[in-house]
There are 2 protein chains.
Amino acid sequence: MSNTKSTRDHIIEAADHLFYQQGYEHTSFADIADAVKISRGNFYYHFKTKDDILNAVINLRVANTQNMLDQWEIEGQSPEERIRHFIQILIKNQSKIMRYGCPVGTLSTELAKMSHSAQTDATRLFTLFRTWLAQQFTSLGHSADADDLAMHLLARSQGVATLANAFRDENYIEQEVTLMNEWLKSYTVNAAPHTQ
Amino acid sequence: MSNTKSTRDHIIEAADHLFYQQGYEHTSFADIADAVKISRGNFYYHFKTKDDILNAVINLRVANTQNMLDQWEIEGQSPEERIRHFIQILIKNQSKIMRYGCPVGTLSTELAKMSHSAQTDATRLFTLFRTWLAQQFTSLGHSADADDLAMHLLARSQGVATLANAFRDENYIEQEVTLMNEWLKSYTVNAAPHTQ
DNA sequence: GACAATTTAGGACAATTGCCCTAATAATAC
DNA sequence: GTATTATTAGGGCAATTGTCCTAAATTGTC
């Protein structure tokens, strides 16, 4: 594992941040080149087209997400605790979410609207969370509707991110996170689940 | 009330559709002019800047939304029935939502990412739904947490729209709508509300 | 029908876009 | 060392962007 990041890595990282903060289309070659402080020619040497950078960024995000999920798998003692890690992202990234929304949701939405071919790849990020969450719910003894519960939780966190971004309300996120945790608790072995 | 729509109205309508389907930034002057079949010069006569059109589109959407809410106020016999109208949009606009997402949420998100000044105006659309829903929950006897319930329901419909758009899953929308209706039922007078 | 105001068309503008080329430099191999 | 490759810089490309101008056409008023 090399300690020094390559120019290519720097480009991908800068693009990752800019795509999140400004959106894919709103970010230009020049923006990324400026951020990395390289010439546009050098930039072109590493990535022929804008789609290539997008692809690299998506792959980076997929890898980072997978690492995060693996980490949660280690840290969380119980499935419930692991799922709580997921819910907790809303708190951890509170200020970013309020400014830029959810990185997964906003990219997916933007690409869908452009009918961009990479939209399918972007959905992989959602799928990562979806299957991981479904696994946890299966471990909780809800194998029959594990995927439904995963999608339900995903949707709620997406909705919270969208509204927090629109209204810029700090308290609101914490409020909904509390509700989500209560909802989760009702799916733990000893509690009777409510209909949601 | 004139029966014939002015060129200006046609422009706003076309822009409304294109902004929804392609996004604000992804839609150019030429796109709108082509859709209305007028010259760019004529276009400029009606709207000096792109922000002007955006403003007009937002105003149109606010007006249309207000009309819709007023209509629901008439049609819905009980507050519960009225709220059900809101939930039902997800079914009514199912195919559009799967292709383009929620018109309110996606515009708000896009403008936030561009740090566009009109983002505040776009949030008015959310506020319209928010206050209307809160009124209904107040009528249901939940005046203390009416706004919280309104935000909760708004968030869930936003989340469903985002995921339906990402995964293009028809059944999923209907599934979540059922859950939302059950949740709503638990807030009706005769039922014991669950914690959500 | 003459006249003024409104509306339209078509083109031009500077700037920016994604993309591409070439030459110079740095790193590596022999 | 020299030769080969990898990397970088800087400029330039055609196309598109939002914006603007001017002249023609249409409309309405008297």
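All values reported here derive from a predicted model rather than from experimental measurement. Here is the naming used below: chain letters follow the sequence lines, and residue numbers restart at 1 for every chain.
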Identify the pairs formed between an N or O of the protein and an N or O of nucleotides 20-26 of chain C at a distance under 3.5 Å, and give each distance.
unit_1: dC20(C); atom_1: OP2; unit_2: Y44(A); atom_2: OH; d: 3.2

- Cationic tip of R130(A) within the cone over F167(B)'s six-membered ring, i.e. under 6.0 Å and within 45° of the normal? yes
Check your understanding: dG11(D) phosphate, OP1 or OP2: any side-chain N/O from S39(A) under 4.0 angstrom?
Key -> no
Quiz item: With a 4.5 Å limit on heavy-atom distance, are the side chains of E81(B) and W72(B) in contact?
Solution: no
Note: for R8(B) and S28(A) on DNA chain C, the residue whose nearest nucleotide lies more 5' is R8(B)
Distance under 6.0 Å and angle within 45° of the ring axis: does K96(B) meet both against Y20(B)?
no
Original post:
When we call it a touch if two heavy atoms are under 4.0 Å apart, what does S6(A) touch: a base, just sugar-phosphate, or nothing?
Top reply: nothing
### Task
Flag the pair K5(A) and E13(A) as a salt bridge only when some basic side-chain nitrogen lies within less than 4.0 angstrom of an acidic carboxylate oxygen.
yes
query: Does K48(B) make a cation-pi contact with Y44(B), if we ask for NZ or CZ under 6.0 Å from the ring centre and within 45° of the axis?
result: yes
Whole-Å distance, I53(B) CD1 to dT19(D) P, equals 8 Å
By the Watson-Crick or G-U definition, both distances under 3.5 Å, dC30(D) is matched with dG1(C)
Is the terminal nitrogen or CZ of K50(A) (NZ for Lys, CZ for Arg) located under 6.0 angstrom from the six-membered ring centre of Y24(A) and within 45° of that ring's axis? yes
